[in-house]
Protein chains: 2
Amino acid sequence: MGAKRSTASTIYDVAALAGVSHATVSRYLGGFEGIRPGTRERVAHALAELNYRPNLSARTLATNKSHRIAVLTGDLTSAGPSLTVQGIARSARAAGYVVDIVSFDVTDPDSLADAIGLMRSQDLAGVIALTISDAMRDAISTVHIEVPMHLDSGPADLPGPVGTSFNAAGIHLIVDHLASLGHRDIAHVTGSMDYFAAQSRATAFAEAIRNNELPEHPAIVGDWTSRSGYEALQRSLIHESVTAIVVGNDQAALGILRALNEAGISCPGDISVTGFDDIPEAEYYSPPLTTVRIDFESQGTFLFATLMSEIEGTPAPDGSQFMQPKLIVRSSTAAPRGR
Amino acid sequence: MGAKRSTASTIYDVAALAGVSHATVSRYLGGFEGIRPGTRERVAHALAELNYRPNLSARTLATNKSHRIAVLTGDLTSAGPSLTVQGIARSARAAGYVVDIVSFDVTDPDSLADAIGLMRSQDLAGVIALTISDAMRDAISTVHIEVPMHLDSGPADLPGPVGTSFNAAGIHLIVDHLASLGHRDIAHVTGSMDYFAAQSRATAFAEAIRNNELPEHPAIVGDWTSRSGYEALQRSLIHESVTAIVVGNDQAALGILRALNEAGISCPGDISVTGFDDIPEAEYYSPPLTTVRIDFESQGTFLFATLMSEIEGTPAPDGSQFMQPKLIVRSSTAAPRGR
DNA sequence: ACGGCTTGGACCTGCCCGTAG
DNA sequence: CCTACGGGCAGGTCCAAGCCG
């Protein structure tokens with residue numbers, strides 16, 4: 001098992017070629033100033049000649065410092081997590097960190113244990129956990145991970161406008177938009193309630209309804225897939241009086257749109273529909289979807305910066321400089337005309 | 001820079017607790033048989049007691065073997081790459097490997113160099129490069145990477161039915177389906193021609209057209225986004241006689257559908273449209289999309305298994321056992337009725 | 001006393017760091 | 001300003017010692 005590592009050149013090879021001791025090379029590498037120009041030159045030359053790369057395993061071992069972080073996630077397929085990972089990976093590379101992606105099967109508790117075990121042997125500087133459900137959080141909190149760790153679940157934990165979250169802010173944007181259009185009976189199709197982000201959106205929805213003094217309708221539990229949106233409507237759980245549906249994300253909204261279409265209910269004529277996330281496809285739905293734009297990639301940047309602040313003691317990033325959710329009005333919402 | 005690693009228990013701690021030498025613990029860990037039951041028991045107990053995890057940096061250093069692979073990718077946001085990464089990550093975890101995800105900015109050559117540099121110092125057992133364009137491949141081939149490396153670009157390189165690729169097989173499925181419906185004038189909207197997978201699909205399309213002795217139409221170059229599909233039609237590059245459009249992927253097909261809808265052209269009445277990939281949303285398009293199902297996740301499994309065969313000398317996986325592309329006929333295709 | 005097991009000690013991996021020269 | 005040397009990081013591996021019957 002395992003691959004033989006290449007026989008790359010070591011610091012000793014470099015030292016020999018440059019005719020100095022390995023300590024000098026080490027100093028050069030460490031950015032030490034006091035090296036005579038001639039020596040410095042020879043070292044630099046030897047380094048280039050041998051295409052030297054420090055062996056990070058050895059360095060990590062010796063310094064007891066690591067430049068690797070792990071992202072723990074159960075789902076890379078959805079737009080949110082994968083964009084967030086991309087954002088994390090980008091800023092990590094810029095900071096000289098590598099990101100391990102540790103995935104596990106959401107349906108298999110053992111795989112989480114495996115994943116955590118793997119992480120524990122990896123000399124990590126920190127970990128960011130994405131797409132976290134309650135069950136996962138519990139599982140994670142029972143094990144002892146000795147490094148800084150951030151739990152996150154989509155936009156849920158990010159600071160929004162005024163001490164609120166991006167999720168909440170976005171949902172308020174949506175509901176206010178609908179209310180200002182004249183809608184009163186508004187339904188909500190949630191994502192899987194296991195996930196923080198879905199919970200957060202659902203809570204914000206109920207809150208926004210109350211703020212606008214609108215009648216409350218029970219939430220319809222979905223799971224963020226197009227299928228779940230489609231089926232939510234098939235089960236005709238929508239009350240007659242409802243003129244607008246706030247869907248937990250764009251994919252599920254697509255399913256709703258499809259079901260409406262098949263039922264001969266016009267959108268936005270009879271019912272307005274909204275999404276969440278603003279995935280690139282939302283603009284091309286029929287009709288183009290009114291939704292909220294979330295900048296997942298900069299979220300990843302934010303998460304990484306936050307983790308860095310803990311790891312290296314740098315100042316924590318200012319959440320407010322990250323893009324706020326933004327209402328994108330397209331054609332799937334209109335004033336209600338009654339049914 | 002860098003975080004202090006946690007003070008986890010070492011093999012010496014375990015040895016001390018068990019009252020044996022660290023060599024014995026090491027043997028136990030290595031699965032060595034010749035350990036007296038009593039000793040074995042004490043070691044096992046100490047291991048559990050201390051919740052011991054081997055330090056992989058030290059192990060890698062000592063054995064000159066690594067259990068880490070890197071996935072080099074420029075795009076984690078599309079369905080294909082992210083699902084493939086997920087497949088890789090899953091089988092990697094099962095095999096005790098960790099996956100470093102090294103992302104770079106497709107538009108920035110420097111970032112590729114950075115990424116490769118980072119990889120070189122990481123003690124990798126191998127690397128899998130995804131979403132590869134010609135430019136990238138050239139950039140990669142100029143550097144010297146000392147470990148097994150697989151270039152891949154989506155389904156392009158995977159073996160299909162008879163020495164052909166998944167991409168080619170899928171496109172043939174589509175074109176044959178259309179031809180059997182009676183279509184003769186079929187257009188193709190490609191993905192970005194930088195990518196192998198898009199090239200491969202375009203080539204297969206031309207081939208399938210010739211096989212069916214149909215008139216050739218120039219390919220319309222897109223980039224796999226919904227926008228590019230939409231704009232391809234806006235530019236009205238479709239010849240009058242065309243009754244079917246084979247689109248390079250599902251997202252772009254959505255854009256086409258939208259443009260058709262806005263232009264008052266009915267699908268499938270006036271024009272049939274097909275996609276590629278069968279993303280979960282395709283079933284909920286209006287109309288539901290006829291497409292080809294590609295199993296990206298098992299592709300990741302395949303890629304990992306292939307890499308393992310090089311790394312550990314295990315037998316190479318049999319490509320034919322991985323899911324073949326499959327035509328999924330829904331409502332976006334029908335017999336042409338002339339225009 | 002001899003051969004087979006189990007076990008421990010020494011040394012090595014690539015690198016960092018402190019001290020003495 | 002630079003080198004030599006010693007020690008350490010966590011663990012692997014070889015050789016030989018110790019034990020047993």
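Proteins come first, then strands; the chains are lettered A, B, ... in the order of their sequence lines, and each starts at number 1. What you are looking at is a predicted structure, and each value in this text was computed from that prediction instead of being measured. These values consider heavy atoms only, across backbone and side chains, with no hydrogens, waters or symmetry-generated copies.
Here C:dC15 is the nucleotide among D:dC9, C:dG8, C:dC15 with the atom lying nearest to any side-chain atom of A:Asn55. When each of C:dT7, C:dT13, C:dC16 is scored by its nearest atom to the side-chain atoms of B:Ala62, the top-ranked nucleotide is C:dT13. Considering only side-chain atoms of B:Ile11, the nucleotide from C:dG8, C:dG14, D:dG12 that sits closest is D:dG12. Set against D:dG11, C:dG14, C:dC16, the side chain of A:Thr63 has C:dC16 as its closest nucleotide. Here the nucleotide nearest the side chain of B:Arg59, chosen from D:dC9, C:dC15, D:dG11, is D:dG11.
Annotation for B:Pro54 and B:Arg59: closest pair CB-NH2, 3.3 Å, computed over non-hydrogen atoms. Smallest separation of non-hydrogen atoms from B:Ile69 and B:Ala125: CG2-CB, 4.5 Å. The two residues A:Ser82 and B:Leu76 come nearest to each other via the heavy atoms CB-O, 3.2 Å. Minimum interatomic distance between A:Thr301 and A:Ser91 (heavy atoms only, all atoms of both residues): CA-OG, 3.7 Å. Nearest heavy atoms, B:Ala89 versus A:Ser103: CB-OG, 3.6 Å. Contact between B:Leu130 and B:Pro81 at its shortest, heavy atoms only, is CD2-O, 4.2 Å.
The CD-P distance, from A:Gln122 to D:dA10, rounds to 16 Å in whole Å. At whole-Å resolution of the value, CZ in B:Arg42 and P in C:dT7 are 8 Å apart. Separating the NZ atom of A:Lys65 from the P atom of C:dC15 is a distance of 18 Å, rounded to the nearest angstrom.
Residues of residues 31-38 of chain B that place a heavy atom closer than 4.0 Å to DNA chain C, in numerical order, are B:Gly34, B:Ile35, B:Arg36. For DNA chain C, the neighbouring residues in residues 21-30 of chain B, judged by any heavy atom under 4.0 Å, are B:Ser21, B:His22, B:Ala23, B:Thr24, B:Arg27.
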Show me the donor-acceptor pairs within less than 3.5 Å that the side chains of residues 36-49 of chain B make with the rest of the protein, sequence neighbours left out.
| residue | atom | partner | partner atom | Å |
| --- | --- | --- | --- | --- |
| B:Arg40 | NH2 | B:Phe32 | O | 3.1 |
| B:Arg40 | NH2 | B:Glu33 | O | 3.3 |
| B:Arg42 | NE | B:Ala18 | O | 2.9 |
| B:Arg42 | NH2 | B:Ala18 | O | 3.2 |

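For the pair B:Val20 and A:Leu56, both in contact range of DNA chain C, the more 5′-proximal nearest nucleotide belongs to B:Val20.
Every side-chain contact (heavy atoms from CB on, under 4.5 Å) that B:Ala70 has, sequence neighbours left out, goes to B:Asp100, B:Val102, B:Met119, B:Leu124, B:Val127.
Using a 30° and 60° split on the angle between ring planes, A:Phe304 and A:Tyr97 fall in the perpendicular class, above 60°.
Residue pairs satisfying the ring-ring contact (aromatic ring centres under 6.0 Å, His included) criterion with at least one member in residues 9-30 of chain A, sequence neighbours excluded, are listed as follows: A:Tyr12-A:His22.
On a pure distance criterion of 3.5 Å, no polar donor-acceptor pair joins the side chain of A:Tyr12 and the base of C:dG14.
Residue contacts for B:Arg40: at a heavy-atom cut-off of 4.0 Å it reaches no nucleic acid atom on any strand shown.
Taking the C1' atoms of five terminal pairs at each end of the helix from C:dC2-D:dG21 to C:dG21-D:dC2, the two resulting helix axes are inclined by 50°, rounded to 10°.
Taken from CD1 in B:Ile128 to CG in B:Leu307, the straight-line distance is 5.0 Å, to the nearest 0.5 Å.
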